[in-house]
Amino acid sequence: MSYLDDISITKLKGMNRNELEKLAKEIRLFLIDKVTRTGGHLASNLGTVELTLALHYVFDSPYDKLLFDVGHQSYTHKILTGRKDGFDNLRQYGGISGFPRPDESEHDIFSMGHASNAISVAAGMAKIRDLREQDYSIVAVIGDGALSGGMAMEAINDAGYSKNKIIVVLNDNEMSIAKNVGAMAGFLGKMRTIKTYTAFKRSISNIIIRIPLIGRYLKETISRMKNRIKYLLLPTHFIEEMGFTYIGILDGHDIDSLIDSLKDAKNSEVSVLLHIKTVKGCGCEMAEKFPEDFHGVSSNHFSREKGAKPSNGKIFVNKLIEMARADSKICAITAAMPHGTELIHFEEEFPERFMDVGIAEQHAVTLAAGIACGGGKPYFGVYSTFLQRAYDQIFHDVCLQNLPVTLVIDRAGLVGNDGETHHGVFDLSYLRPLPGMTIMAPATGKELEEMLELSHDMKGPCAIRYSKVNFDLDYDMPTAFGKWKVLREIKPVTIVAVGNMVKKAIAVSDALKESYGIELGVVNACFVKPMDDEMIEKLSVCQHIFTIEDNVVKGGFGSGLLEAFAKINSKTMVSMYGVPDRFITHGNVDELMKEIGLDTQGIKNRILDELEIKHDEA
């Protein structure tokens, strides 16, 4: 008999503890089967099966509000809330998301995707709940890695002070994506290893119960001493001083303990932090052994070929290592992404010059500013979507000081299956207005290497941004500071493209010449800022310019070119192609590019339409 076939929250609540354990095993097998087919976050979801079952067993979703920080551990939640059949299309175009999405289900309370915000959301919901005199519970599930984000600590401080009750479940697996680092990880490690307090408390309670006459008096005395004992034997006083009752540390795979403790937390009149210990990848031997490799898997994770073309990140780190061998001032920084950015290889050779600050992008940027201020040469490797979290620090601590900090921005443009929260389509727009900022966008691996060399000698801030898709273009044209490259001779109608869209511009130009006899120029605007004034003068006499970028159209490269043309009173018509003014769903990059008209065929048809040339849609 399979419990999973027709599982629902109602049926879940009618199960006994033994049946729940069997259901947990079935869910793990289901997740391994589905996620290895579609791709997705495997290890984090395998580690939270029992926790999610216990949450839905004790609380009444969607009346009670369940919030999953980051959200990549919400697959079991989706299964229990009626979306099991959707896992054949998990993270696929038109299918269910890999993250909580309120437009997907009423059980998804808040759209999640970035770390450290769940406690803030919970605190806000608790405030309005109490103002309206309602009584639903609010539970925020947060990983220990997310506690390295300052926002989480700010939220704990405020939530404890406000007295609006919330429940925080600290899922402690010693991992975020990479191994957790920093003092908070050490603090939690100390809490994991000290069990003296719990054992001592249990022994004393048993003794007191057996003492006649004076038992009640002693019990009251011991109760007054409880906090002192805690302070001496277990470092939980930090949490309780914040206004939370601490419960833990529990085995996060013991359904009985989880259910009982969650019931206690639900009945508490004050905020509770429930500390559980889980194994990331639990139930899959390889995922338990290599949780970083199985954090996010692709559909071909178990069959991918070795020795494939190096990733853009690998090109970056190999060049940075080469530069660091020649210059001891070069340092590398990551925010819990040593593997994703490939900086793990820099750490292997220069451990003393490598810094992983955890999920703390704001700190990472200002740390880089401090290194630069002291005479170092810092390179911060970061995904475009996560750099958004540090905008004030880029403005105030880097650009305002005009410090030589290099932001190496990976995953620029559409990234595919992770969807709205992870697409890196805003960086050109939010970096371009900042005074003193140089922005470079390589179209080839060689350009990336040359741009890194240029950044080394710069006296102010710069950003180098590239996509997740491997460079698949090659030409021999050296990169000079602030200069664009003419790849197809400038014509009355010319395409000016940025980064990985340069390849598409060339393909469109070649296709139009072959099929329609139309010759279009192609310019690689490898410097988004500063722009190439000399090239702009040449382009200003063109009849029609088409700009192509994998950034939002608003405020992006095309907008910058329009501003430049306006300054010299150019009458050239400019059509800007980029990401439209809406959030883009999940799916593979080719599908998404087609949806927004940035695939090669779509760009070609749009240009023909604007040139008023008849054509077939195909």
Side-chain angles (χ1 to χ4, degrees), residues 12 20 24 44-62 64-78 80-81 100 107-110 112 115-123 125-126 136-149 151-153 155-156 159-160 164-176 180 184 187-188 191-192 236 238-240 242-268 270-280 282 359:
L12 173 74
L20 289 173
S44 54
N45 283 287
L46 293 177
T48 54
V49 174
E50 288 86 1
L51 170 61
T52 309
L53 290 175
L55 285 168
H56 279 285
Y57 189 89
V58 173
F59 297 97
D60 298 313
S61 177
D64 292 324
K65 315 304 179 188
L66 304 181
L67 298 163
F68 294 89
D69 196 276
V70 185
H72 59 213
Q73 77 284 52
S74 62
Y75 291 5
T76 301
H77 166 75
K78 288 178 181 262
L80 299 176
T81 53
H107 295 276
D108 293 358
I109 305 304
F110 200 84
M112 296 292 191
S116 308
N117 66 341
I119 303 175
S120 295
V121 176
M125 295 180 73
Y136 54 83
S137 296
I138 304 168
V139 184
V141 180
I142 185 169
D144 51 321
L147 284 185
S148 65
M151 185 177 180
M153 303 310 297
I156 288 174
N164 302 111
K165 182 197 167 183
I166 63 172
I167 298 169
V168 175
V169 178
L170 173 58
N171 174 31
D172 181 358
N173 58 24
E174 304 182 53
M175 301 283 295
S176 46
N180 287 329
M184 180 56 68
F187 174 78
L188 293 174
M191 291 172 66
R192 293 182 204 110
T236 60
F238 166 75
I239 294 166
E240 298 205 345
M242 288 286 194
F244 283 78
T245 292
Y246 177 86
I247 300 176
I249 300 169
L250 302 180
D251 180 351
H253 303 296
D254 182 341
I255 292 180
D256 282 345
S257 295
L258 289 171
I259 289 175
D260 291 342
S261 295
L262 285 170
K263 284 181 177 179
D264 290 341
K266 184 176 183 179
N267 294 329
S268 172
V270 299
S271 292
V272 173
L273 189 144
L274 176 63
H275 185 176
I276 70 171
K277 183 75 173 68
T278 62
V279 176
K280 194 168 186 179
C282 181
I359 302 175

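Start at 1 with the first residue, then count along the sequence.
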Quick check for you: to the nearest 0.5 Å, what is the distance between [X] atom [atom1] and [Y] atom [atom2]?
X      : Y      : atom1 : atom2 : value
Leu51  : Thr278 : CG    : OG1   : 8.0 Å
Ile249 : Lys277 : CD1   : NZ    : 8.5 Å
Phe68  : Ile142 : CZ    : CD1   : 13.0 Å
Cys282 : Asn173 : SG    : CG    : 11.0 Å
Leu53  : Leu80  : CG    : CG    : 5.5 Å
Ser271 : Asn164 : OG    : CG    : 7.5 Å

Student check: side-chain heavy atoms of [X] and [Y] closer than 4.5 Å:
X      : Y      : value
Asn171 : Ile276 : yes
Ile247 : Val272 : yes
Phe59  : Ile167 : yes
Leu20  : Leu12  : yes

- Task: Step by step, work out the side-chain contact (heavy atoms from CB on, under 4.5 Å) result for Leu274 and Val168.
- Result: CA-CA 6 Å; Leu274 176 63; Val168 175; over 6 Å; no
Spell out, as yes or no, whether a donor-acceptor pair under 3.5 Å connects the side chain of [X] to the backbone of [Y].
X      : Y      : value
Lys266 : Val58  : yes
Asn45  : His72  : yes
Asp69  : Ala118 : yes

Identify the two heavy atoms, one from [X] and one from [Y], that lie closest to each other, and give their separation to 0.1 Å.
X      : Y      : result
Ser61  : His107 : OG-ND1, 2.7 Å
Ile138 : Ala122 : CG2-CB, 3.6 Å
Ala115 : Ile359 : CB-CG2, 3.7 Å

Could I get the full list of side-chain contact (heavy atoms from CB on, under 4.5 Å) partners for [X], not counting sequence neighbours?
X      : value
Met151 : Ser116, Asn117, Ser120
Ala159 : Ala123, Ile166, Phe244
Ile109 : Lys65, Leu67, Met125

Contacts of type side-chain hydrogen bond (donor to acceptor under 3.5 Å, both in side chains), residue [X], not counting sequence neighbours:
X      : answer
Ser261 : none
Asp260 : none
Asp264 : none
Asp254 : Ser257

- Note on the structure: Which of Ile259, Leu258, Val139 passes side chain to side chain contact (heavy atoms under 4.5 Å, CB included) with Leu55? It is Val139
- salt bridge (Lys or Arg N to Asp or Glu O under 4.0 Å) contacts touching residues 44-59 (sequence neighbours left out): Arg28-Glu50
- Tell me, please, which residues at least two apart from His56 pass ring-ring contact (aromatic ring centres under 6.0 Å, His included). His77
- Task: Evaluate whether atom OH of Tyr57 has more than 12 neighbouring non-hydrogen atoms of other residues, nucleotides or ligands under 6.0 angstrom away.
- Result: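 More than 12 within 6.0 Å, yes.
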